[in-house]
Amino acid sequence: MIEVTDLEKIYLLGKVEVAALRGVSLNIQKGEFVGIMGPSGSGKSTLLHQLGLLDIPSGGHIRIDGTDVSQLDDEARTRFRLMHLGYVFQDYALVSELTVMENVAIPAIMQGKPLAECYAAATRVLEKVGLGKRLDHLVFELSGGEQQRVSIARALVNTPSIVFADEPCANLDTENSRTVLELFRAVNRELNQTIVMVSHEPWHMEYFDRIIFIRDGVMDEERIRDEGKQDLVLVNV
Amino acid sequence: MRNSGGWGVSLYLAVRAIRRGNRGTLALTILIIALVVVLMNFLAMIIGGVVTIYNQQMIDYQYGHVSIEPNEKELFIYHADTIVKNLRRVPGVTGVTAHVSTGTTITNTKNGKFQTKALTAFDPVDEQGVTRYQMKMMGGDYLSKGDTDQILIGTLLAGNEDESQDKMPSLGGVVVGDRIEVAYSNGVVKSYRVKGIYETEGTLIDSAAFVTRTEMDSVMHTEGKATEILVRGTSADTAGPLKYTIMDYGVKEKIKTWNEKGKGILGDAINSFSLLNNIMTFVSLVVASVVVFIVTFINIINRKKQIGILKAIGIRKRVIIGSYLLQVLFLCTCGIITGVLILNVISTILTVHQLRFPMGFITPVINYSSLALSIVLLYAVSVISGYIPARQVVNEEILDAMRG
């Protein structure tokens with residue numbers, strides 16, 4: 001599903017080059033719930049941004065569903081994001097002038113589907129995340145946890161191949177964080193939805209099938225959950 | 001496979017941004033654009049009123065619809081009586097009058113003040129078919145056909161005893177019944193009783209003096225001659241065709257429409273007004289473009305993060321730019337409609353409470369072709385001013401935009 005080879009990202013800070021990613025290679029399979037973890041500044045969000053086509057890597061290759069997305073131009077990347085990917089951001093990233101339903105429907109509308117169909121899809125997914133009764137509310141009328149659930153609904157509305165979540169619980173309390181994580185796990189299990197999520201909270205590990213640890217821009221270690229077991233087993237250093 | 005949700009999504013986003021955006025900013029922007037529309041057209045409206053009144057005065061008191069002048073190097077139109085008779089048979093001619101003008105010195109015998117003026121003679125009956133002096137008498141009576149001892153003068157020539165109240169050099173307060181002396185170019189000096197004083201509000205017109213043809217012919221021996229023949233047609237608009245009809249009837253003298261005659265006198269004034277108007281239009285357009293630019297820029301900067309989000313979830317750049325352009329077009333359209341309404345209200349108010357100009361009370365005239373041009377220009381600068389900041393922000397990297 002996702003094949004990453006020698007991924008590099010170098011930022012220029014003035015005249016100084018800072019290597020945020022230094023040759024990361026990994027594979028993610030369909031239906032996996034993968035956590036990317038690591039200390040602050042390790043490059044985990046940078047990795048997610050490259051995988052999610054939100055940024056352009058300095059080197060290496062990313063193949064998603066067989067497409068070498070590193071070769072796509074800006075227009076094609078935009079279209080790829082729309083058609084194949086879903087996003088959940090730390091600060092919810094909702095459009096303030098749209099209602100809950102409109103926020104969720106907008107990626108479907110952009111795909112050119114009839115409006116009624118888009119609203120029906122948005123309603124279905126909002127009911128799934130428990131916001132079926134708040135369709136016509138504006139986002140500022142919702143709590144942080146509810147806004148993040150709207151964001152998850154928006155990510156899911158086009159039934160994407162992969163959902164990328166960048167520290168989705170960073171602004172939420174434990175209760176709301178758990179609700180969001182439970183939601184992710186439900187979607188992952190019921191819909192076989194591939195999810196790649198960045199987190200720095202150790203207790204989030206219990207939700208992931210696999211965890212990729214990043215340190216100083218390289219893959220530090222990888223842990224995978226044994227079939228039917230609670231423990232995560234170290235598979236790679 | 002192209003995405004079919006382009007302008008539709010732009011419209012979807014624009015409608016919601018307008019509906020749920022800041023109402024105060026929206027109203028203020030519309031008002032500013034409306035005032036720009038008013039600013040761009042107000043002077044043109046006043047100029048339109050001035051031109052209309054000038055044109056009407058030229059037709060009613062100076063040239064009729066068509067005027068016939070002597071050929072080059074000729075002082076008179078000879079056989080003017082025959083030409084006048086022929087002109088009366090021309091279809092579309094409603095009145096014809098022959099004028100004879102000569103240089104004179106007019107003196108107020110009461111105070112010795114004098115003015116050098118062209119004295120014009122006409123047949124009072126014929127004149128009524130072409131000009132409107134008889135309707136503008138502010139004192140005394142209009143000339144009669146047989147008058148030989150009487151003179152008709154304009155209010156500015158009559159003047160005031162208190163010189164400071166005069167708009168131009170005058171005879172220093174002549175009233176109906178006073179006697180004034182006219183010294184003709186052939187040396188004859190005659191005393192006339194002021195039979196009537198007229199007031200048209202036209203500066204040049206109200207400083208003239210008139211006697212009957214009978215009187216002029218007896219002094220200057222101008223029987224059968226004319227220095228100009230004025231013709232009145234059915235309307236000002238048909239003066240052009242009427243000129244060619246008159247030519248077809250065999251009139252060989254110089255024939256000019258009121259419009260051609262007026263160009264020289266009014267042209268320079270109109271050009272100066274037009275220059276002012278163009279400067280004002282330019283400044284207004286700059287103001288409009290700066291306002292739209294600032295409003296769009298602030299709007300976009302405030303929503304920079306939102307633009308980043310939209311890009312991240314796969315909304316194309318042109319769709320986002322399109323939504324801002326549609327918002328600008330909406331603001332512009334509302335501003336233009338409001339501006340045109342304000343302009344009409346101002347026009348109505350100034351029609352009821354007319355402004356007094358040196359040539360009289362003017363009724364503002366909205367020039368719809370220049371209004372249309374200003375609307376087109378306003379749309380153009382608004383779209384450009386909206387497009388530039390939208391494009392600038394939309395082209396930023398997604399993550400930079402999302403950081404706000």
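Each chain gets a letter, A, B and so on, in the order the sequences are listed, and its residues count up from 1. None of these values were measured; they are calculated from a predicted model.
In this structure, CG in A:D91 is found 11.5 Å from CZ in B:R403, a value given to the nearest 0.5 Å. Atom CE of A:M110 sits about 7.5 Å away from atom OG of B:S10, to the nearest 0.5 Å. A distance of 3.5 Å separates CD1 in B:I398 from CZ in A:R81, rounded to the nearest 0.5 Å. Within the model, atoms CZ of B:R19 and CG of A:L98 stand 10.0 Å from one another, a figure rounded to the nearest 0.5 Å. We find the CG-CD1 distance between B:L13 and A:I106 to be 4.5 Å, quoted to the nearest 0.5 Å. Atom NZ of B:K305 sits about 10.5 Å away from atom OG of A:S96, to the nearest 0.5 Å.
Under the 4.5 Å side-chain criterion, counting only non-hydrogen atoms from C-beta, B:R316 is not in contact with A:D74. Within the 4.5 Å cutoff, the side chain of B:I313 has heavy atoms near those of the A:R154 side chain. Contact of the A:V95 side chain with the B:R16 side chain is not registered, since no non-hydrogen atoms from C-beta on lie closer than 4.5 Å.
For the pair B:A312 and A:Y87, the tightest heavy-atom approach, listed with the atom from each and the gap, is O-CE1, 3.2 Å.
No more than 12 heavy atoms of other residues, nucleotides or ligands lie within 6.0 Å of CZ in A:R215, so this atom counts as exposed by the packing criterion. Dense packing is recorded around CD of A:E201, with more than 12 heavy atoms of other residues, nucleotides or ligands lying under 6.0 Å away. Other residues, nucleotides and ligands contribute only 12 or fewer heavy atoms inside 6.0 Å of the CZ atom of B:F282.
Contacts classified as ring-ring contact (aromatic ring centres under 6.0 Å, His included) and involving residues 38-83 of chain A (residues at least two apart or in different chains) are given here: A:F80-A:H84.
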From CA spacing to verdict: salt bridge (Lys or Arg N to Asp or Glu O under 4.0 Å), B:K317, A:E75: CA-CA 8 Å; B:K317 284 180 188 176; A:E75 184 76 18; over 6 Å; no
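Taking 4.5 Å as the heavy-atom cut-off, none of the residues of residues 330-355 of chain B approach chain A.
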